[in-house]
Amino acid sequence: MSFMSSSRSLLLSSAVVLGGGALGHAAEAPRLTFLEWAPTPPMGWNSWDCFATTVTEEQTKAQADFMAAHLESHGWQYVVVDIQWYEPGAKDHGYRADAVLTMDAHGRLQPATNRFPSAEGGNGFKALSSYVHGLGLKFGIHLMRGIPRQAVERNLPILGTEYRAQDIADKVHVCPWNPDMYGVDMAKPGAQAYYDSVFALLAEWGVDYVKVDDLSRPYFQNQPEVEAIRRAIDKAGRPMVLSLSPGATDLRAADHVTTHANLWRISDDFWDRWLALREQFGRLANWNPHRRPGAWPDADMLPLGTIMQGARTTRFTPDEQLTLMTLWSIARSPLMHGGDLTKTDAPTLALLTNDEVLAVNQRSTANRPLFDRDGLVAWTAKDPANGDTYLALFNARDRVQLVPANARHDSGAVAVGTKSVNAIDIEVRDGRALYLAAEPVGEFDGFVPVLWSEPRWMMADGSEVPLTAGAWTRADAQWDSAKIAKDGEQVLGLGALASAVIEYAVPAGAVRFRAAAGVDPKHEGPGAVRFLTVVGTAANTDEGPGLPIEVDLAALVGGGPVRVRDLWRHADLGEQPGVFAPVVPYHGARLYRLTRAAAGK
């Protein structure tokens with residue numbers, strides 16, 4: 001749930017060597033028992049996308065009831081209460097610096113009893129977890145890294161020790177987006193004891209799954225606390241699946257994170273934006289070599305159905321929802337649904353209960369990217385039960401390709417700190433649509449604010465019309481940040497956090513478009529962006545149903561003939577020729593089972 005990005009490095013405390021999916025030499029490496037607690041990617045529900053910081057006991061029970069009735073038989077099992085469950089006055093997706101937190105006499109957070117009445121009398125989550133367990137499900141909660149600032153201000157004693165909160169607080173390495181906690185300085189006596197006491201309490205409550213936030217980014221800075229939490233869980237005496245958030249987890253930490261957590265985020269918060277979904281292809285491919293049973297790269301929650309405290313349903317189109325579920329399944333990401341289960345419609349339920357697709361997520365092996373042909377993407381995997389091949393095909397292209405070759409203006413990489421701006425002056429009289437795109441260049445932590453200054457249409461009659469005088473057709477920007485930028489009452493232009501695409505219809509009579517594009521000069525930090533200005537015309541806009549994606553089936557499965565089954569449609573397509581080329585819709589996906597037919601049959 002972070003609203004910012006950022007990225008200490010210690011050697012592994014034990015000589016764990018990972019390779020080929022095996023955990024080093026049995027005689028040398030410790031047995032990582034916790035990996036057995038999540039043998040397949042966890043499947044469940046999390047309260048963040050739909051209830052933000054406000055979820056209640058009653059709402060959580062209702063979600064659990066729905067899961068038990070409709071999803072448990074398909075493998076869904078975790079019910080997770082996300083952030084701020086200890087804050088009586090939590091209101092939305094934001095955080096309050098003056099919020100009063102509920103905690104015990106040892107600085108351990110407790111559920112707010114106005115929202116979780118069964119926590120009265122110091123019972124914590126015992127009753128709620130018991131309710132969830134009674135339905136045959138598992139219960140999880142969210143935690144922030146560190147110790148509550150209010151515990152430090154009161155200098156509360158650390159359970160079972162002579163130390164107090166001020167003895168262990170790290171006031172330097174604090175969360176940049178949530179004001180509740182200080183870090184814990186693991187070099188200080190009493191620090192491990194504090195974490196031990198927290199997870200012992202969670203074990204008493206019957207917690208099965210813990211999502212620890214402000215931990216996996218910046219990973220090397222927080223590594224001592226990652227290790228402390230791992231020790232605390234292992235000491236607690238109860239299996240608790242450990243999820244690290246937010247992302248992106250540093251890829252260089254792969255060997256360490258796979259020996260300390262069951263799942264870890266590979267990106268910042270994922271919401272229902274096409275650009276965000278498209279960016280997960282590369283991240284999942286990069287993390288693919290590091291996935292193993294019990295240790296899962298996490299592409300984040302599924303923002304499907306009703307979200308945002310009931311304000312709206314997902315903005316993903318039906319095709320994009322198929323892409324989301326297909327990619328998460330073939331790459332074996334954990335599946336944590338974020339929508340309000342009690343408002344699940346039939347199409348969403350069908351996505352969540354397709355057992356043929358879920359089997360790919362839960363049981364497939366040898367998962368790998370096959371190719372990426374400029375946005376036409378394929379992944380494959382194997383069914384270990386019979387050797388069948390799974391084939392996932394994705395059309396991640398746009399109808400108007402937003403690529404340098406199709407751009408009428410290309411800024412190249414513009415580094416943060418560059419004071420100059422790129423003058424855009426392009427012909428638009430043949431255009432239907434104008435696309436203003438800003439994409440991050442390279443890998444870095446953070447989001448870059450960009451600005452298109454004085455954007456305007458040059459009309460045939462010699463007049464100028466501000467672009468901001470009209471409404472955009474579509475805006476897709478990080479954190480929904482696209483806006484008309486103002487300096488007081490003066491309109492400066494369009495602002496956004498990259499990556500961003502803002503689309504406008506070209507008005508009748510427009511002959512040129514002019515603007516100046518650059519990084520917000522007030523921004524400090526790493527990174528670079530590339531500005532592309534694309535005009536959609538009759539010639540470069542594909543109006544067809546999609547694009548064929550060719551795959552040599554015989555080469556893929558080791559010979560032919562090959563029988564093909566469409567897993568989303570539950571349809572047998574019969575034997576297919578050597579080259580299989582289904583048409584895949586823009587932003588859409590297909591998922592197939594390939595069976596090598598016996599010769600002569």
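Looking only at distances, a side-chain donor or acceptor of Asp272 sits under 3.5 Å from a matching main-chain atom of Arg315. Between the side chain of Asn222 and the backbone N or O of Ser216 there is no donor-acceptor pair closer than 3.5 Å. A donor-acceptor contact shorter than 3.5 Å is absent between the side chain of Thr541 and the backbone of Ala538. At distances below 3.5 Å, not a single donor-acceptor pair connects side-chain atoms of Asn46 with backbone N or O atoms of Met336. Judged by distance alone, the side chain of Thr40 and the main-chain N or O of Gln362 form no donor-acceptor pair under 3.5 Å. No donor-acceptor pair closer than 3.5 Å links the side chain of Gln63 to the backbone N or O of Trp45. Between the side chain of Glu439 and the backbone N or O of Val441 there is no donor-acceptor pair closer than 3.5 Å. Distance alone, capped at 3.5 Å, is enough to place a donor-acceptor pair between the Arg332 side chain and the Asn361 backbone. For the pair Thr249 (side chain) and Arg265 (backbone), a donor-acceptor distance under 3.5 Å is present. A distance-only check finds no donor-acceptor pair linking the side chain of Asp566 to the backbone of Ala571 [under 3.5 Å].
Trp379 and Phe394 have their aromatic ring centers separated by at least 6.0 angstrom. Note: Phe513 and Trp452 fail the aromatic proximity criterion, with ring centroids not under 6.0 Å apart.
Here the side chains of Leu302 and Met325 are in contact, with some heavy-atom distance below 4.5 Å. Counting only heavy atoms from C-beta outward, the side chains of Arg565 and His570 approach each other to under 4.5 Å. Side-chain contact check for Ser267 versus Glu279: every heavy-atom pair is 4.5 Å or farther apart. Looking at Trp76 and Phe66, their side chains never come closer than 4.5 Å, going by heavy atoms from C-beta outward. With contacts defined as side-chain heavy-atom distances shorter than 4.5 Å, the pair Glu550/Arg373 qualifies. With contacts defined as side-chain heavy-atom distances shorter than 4.5 Å, the pair Leu304/Gln321 qualifies. At least one side-chain heavy atom of His290 sits less than 4.5 Å from a side-chain heavy atom of Leu251. The shortest distance between side-chain heavy atoms of Met308 and Trp271 falls below 4.5 Å.
Pro334 and Trp328 make their closest contact through O-CD1, 3.5 Å (heavy atoms, listed as atom of the first residue, atom of the second, distance). Ile307 and Gly338 make their closest contact through CG2-O, 4.2 Å (heavy atoms, listed as atom of the first residue, atom of the second, distance). Of all heavy-atom pairs between Asp410 and Pro404, the closest is OD2-CB, 3.6 Å. Here the closest heavy-atom approach between residue Arg590 and residue Leu322 is recorded as NH1-CD1, 4.4 Å. Here the closest heavy-atom approach between residue Ala528 and residue Ala415 is recorded as CB-CA, 3.8 Å. Of all heavy-atom pairs spanning Ala498 and Val529, the tightest one is CB-CG1, 3.9 Å.
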Item to check | CA sep, side-chain torsions, deciding dist, call: Leu573, Tyr592, side chain to side chain contact (heavy atoms under 4.5 Å, CB included) | outcome: CA-CA 10 Å; Leu573 306 184; Tyr592 303 100; 3.8 Å; yes
Next on the checklist: Is there a side chain to side chain contact (heavy atoms under 4.5 Å, CB included) between His337 and Leu71? Walk through the geometry before answering.
Outcome noted: CA-CA 11 Å; His337 180 45; Leu71 300 179; 5.6 Å; no
Checklist entry - Would Thr348 and Thr314 count as a side chain to side chain contact (heavy atoms under 4.5 Å, CB included) if you check the C-alpha gap in whole Å, the side-chain angles of each, and the deciding distance to 0.1 Å? => result CA-CA 10 Å; Thr348 304; Thr314 184; over 6 Å; no
Next on the checklist: Does Arg593 form a side chain to side chain contact (heavy atoms under 4.5 Å, CB included) with Val360? I'd like the steps, not just the answer.
Outcome noted: CA-CA 10 Å; Arg593 176 187 286 273; Val360 180; over 6 Å; no
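Between Leu335 atom CG and Asp300 atom CG the span is 12.0 Å, to the nearest 0.5 Å. We find the CG-CG distance between Leu591 and Asn354 to be 8.5 Å, quoted to the nearest 0.5 Å. Taking CG of Leu594 as the start and CG of Leu553 as the end, the distance is 5.5 Å to the nearest 0.5 Å. Here CG of Leu324 is found 8.5 Å from CG of Leu351. Values are rounded to the nearest 0.5 Å. Distance check, rounded to the nearest 0.5 Å: CG of Leu137 to CD of Glu72 gives 6.0 Å. Between the CG atom of Leu284 and the CD1 atom of Ile266 there is a distance of 4.0 Å, given to the nearest 0.5 Å.
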For residues 582-589, run the donor-acceptor check on the side chains, cut-off 3.5 Å, and write out each pair with its distance to 0.1 Å, sequence neighbours left out.
residue, atom, partner, partner atom, Å
Tyr586, OH, Asp542, OD2, 2.4
His587, ND1, Glu320, OE2, 2.6
His587, NE2, Trp274, NE1, 3.3
His587, NE2, Asp398, OD1, 2.7

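By the 4.0 Å N-to-carboxylate-O rule, Arg363 lies too far from Asp383 to be salt-bridged with it. Using a cutoff of 4.0 Å between basic side-chain nitrogens and carboxylate oxygens, Asp476 and Arg278 are not scored as salt-bridged. A salt bridge is absent between Arg399 and Glu503: the closest approach of a Lys/Arg side-chain nitrogen to an acidic carboxylate oxygen does not fall below 4.0 angstrom. A salt bridge is absent between Asp298 and Lys211; no separation between the charged side-chain nitrogens and carboxylate oxygens falls under 4.0 Å.
Within a 6.0 Å radius of CZ in Arg474, more than 12 heavy atoms belonging to other residues, nucleotides or ligands are found.
In this model, no donor atom of one side chain and acceptor atom of the other lie less than 3.5 Å apart for Asp82 and Ser47. Between the side chains of Lys382 and Ser364, no donor N or O sits under 3.5 Å from an acceptor N or O.
Remark: of the listed residues Trp296, Tyr219, Trp287, Trp287 is the sole one forming a ring-ring contact (aromatic ring centres under 6.0 Å, His included) with Trp264.
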